[in-house]
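Naming convention: chains lettered A, B, ... in sequence-line order (proteins, then strands); numbering from 1 in each chain. Side-chain atoms are counted along with the backbone in the values below, which use heavy atoms only and exclude waters and symmetry mates.
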2 protein chains.
Amino acid sequence: MEEKDVVRALAALAQAARLQVFRTLVVAGPEGLTPGAIAEALEVPASTLSFHLKELANAGLVTQEREGRYLIYRAAFERMNALLAYLTENCCQGQACLPAARNCPNC
Amino acid sequence: MEEKDVVRALAALAQAARLQVFRTLVVAGPEGLTPGAIAEALEVPASTLSFHLKELANAGLVTQEREGRYLIYRAAFERMNALLAYLTENCCQGQACLPAARNCPNC
DNA sequence: TCCATATTTCGACTATATTAGAAATATAAT
DNA sequence: ATTATATTTCTAATATAGTCGAAATATGGA
């Protein structure tokens with residue numbers, strides 16, 4: 001992941017409303033969610049949500065797919081992996097800086 | 001780490017100049033660096049750098065200590081750990097999303 | 001074809017962030 | 001005391017981001 005992309009991904013997550021949207025999509029998992037469902041869950045106007053989803057999509061953190069009349073947004077887990085990998089490698093260099101093993105039940 | 005703090009930390013890193021400053025401090029390690037040294041390395045005006053260091057400090061990602069005539073800034077590794085822990089726990093839920101083990105030579 | 005629903009785009013506005021020179025402050029050296 | 005160096009704070013300007021109603025677009029169903 002290039003530094004430019006890292007900054008874009010960080011910026012996409014560095015906003016309360018957007019972080020919530022992303023977290024909601026993470027919880028939803030591979031099924032994804034429609035903007036309508038997200039808007040209802042987070043009580044945010046459709047046009048505002050659309051703006052934030054676009055930001056997340058531009059950063060590569062969510063994907064969009066049309067399903068008939070609906071759109072389905074999904075968290076892009078690989079991209080999030082890549083972001084975490086970059087931060088782990090470049091922002092903790094030489095330090096004991098790997099909380100993952102301690103904090104994640106899956107490992 | 002509270003969501004509010006997570007957003008602040010992400011915002012602090014979500015800016016090219018600041019991410020570079022932070023990475024430079026990470027590379028410098030526990031010794032830290034003076035603003036003068038950082039300014040020279042990154043070729044950024046003193047007042048601009050000062051602004052960015054303050055942002056990083058407000059986010060808890062760097063610490064400041066006075067050493068005589070100089071100030072020494074250091075990366076706050078624990079805080080970075082906490083940020084990574086939050087992202088790992090909350091933004092990858094239930095997914096194979098732990099690149100740390102794969103990417104870090106220390107584990 | 002016409003209507004209803006889902007969602008985005010547009011537009012105008014407000015708010016926040018970034019930049020960098022100049023002035024102020026802190027400390028050390030002479 | 002005075003001067004020099006390191007750094008921050010101030011200030012004013014520019015630039016970027018966020019909000020949301022209204023209008024536009026896309027699709028499915030009657």
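At C/dT7, none of the side-chain N or O atoms of A/Lys54 fall inside 4.0 Å of OP1 or OP2 (strictly under the cut-off). In this structure, B/Tyr73 reaches the D/dT8 phosphate: one of its side-chain N or O atoms is under 4.0 Å from OP1 or OP2. Phosphate contact (OP1/OP2 of D/dA17, side-chain N/O of A/Arg18, threshold under 4.0 Å): absent. Dashed line: the shortest gap from a side-chain N or O of A/Thr48 to OP1 or OP2 of D/dT19 is not under 4.0 Å. B/His52 has a side-chain polar atom (N or O) that falls below the 4.0 Å cut-off from OP1 or OP2 of C/dT19.
When rounded to the nearest whole Å, the span between CD of B/Glu40 and C1' of D/dA6 equals 13 Å. Taking atom CG on B/Leu42 and atom P on C/dA20, their separation rounds to 13 Å, with Å as the unit. Rounding to whole angstrom units, CD of residue B/Gln20 and P of C/dT19 are separated by 11 Å. In this structure, the CD atom of B/Glu55 is 13 Å from the C1' atom of C/dT19, given to the nearest Å. In this structure, CG of A/Leu71 is placed 16 Å from P of D/dT25, rounded to the nearest angstrom. Across the protein-nucleic acid pair, B/Leu56 atom CG and C/dT18 atom P stand 10 Å apart, rounded to whole Å. One atom, CG of A/Leu49, and another, P of D/dT19, lie 11 Å apart when rounded to the nearest Å. Atom P of nucleotide C/dT9 and atom CG of A/Asn58 are separated by 10 Å, given to the nearest angstrom.
If you check C/dA20, C/dT19, D/dT27 against the side chain of A/Arg66, the one that comes closest is D/dT27. Relative to the side chain of A/Arg69, the nucleotides D/dT19, C/dT5, C/dT27 differ in distance, and C/dT5 lies closest. Of all nucleotides listed (D/dG29, D/dG21, D/dT9), D/dT9 comes nearest to the side chain of B/Ser47. Across C/dT27, D/dT27, D/dT8, the shortest atom-to-atom separation from the side chain of B/Ala46 is found for D/dT8. With D/dG18, D/dT8, C/dT8 as the choices, the nucleotide that has an atom nearest any side-chain atom of B/Gln64 turns out to be D/dT8. Listed nucleotides D/dA26, C/dT8, D/dT19 differ in distance to A/Phe51; the shortest reach to its side chain belongs to D/dT19.
We find the CG-CG distance between B/Asn58 and B/Leu53 to be 11.0 Å, quoted to the nearest 0.5 Å.
Sequence order on DNA chain D of the closest nucleotides to A/Gln15 and B/Tyr70 puts B/Tyr70 first from the 5' end. The residue among A/Ala11 and A/Glu67 whose nearest nucleotide of DNA chain D is located toward the 5' end is A/Ala11.
Counting heavy atoms from C-beta outward, A/Phe22 and A/Leu61 have side chains that approach closer than 4.5 Å. Residues A/Ile38 and A/Thr34 have side chains not in contact (no heavy-atom distance under 4.5 Å, counting atoms from C-beta outward).
Here the shortest heavy-atom pairing between B/Tyr86 and B/Met1 reads CD1-O, 3.8 Å.
Taking hydrophobic clusters as Ile, Leu, Val, Met, Phe, Trp and Tyr residues chained together by side-chain heavy-atom distances below 4.5 Å, B/Phe77 shares a cluster with B/Leu87.
Taking a cutoff of 4.0 Å between a charged side-chain nitrogen and a carboxylate oxygen, A/Arg74 and A/Glu31 do not qualify as a salt bridge.
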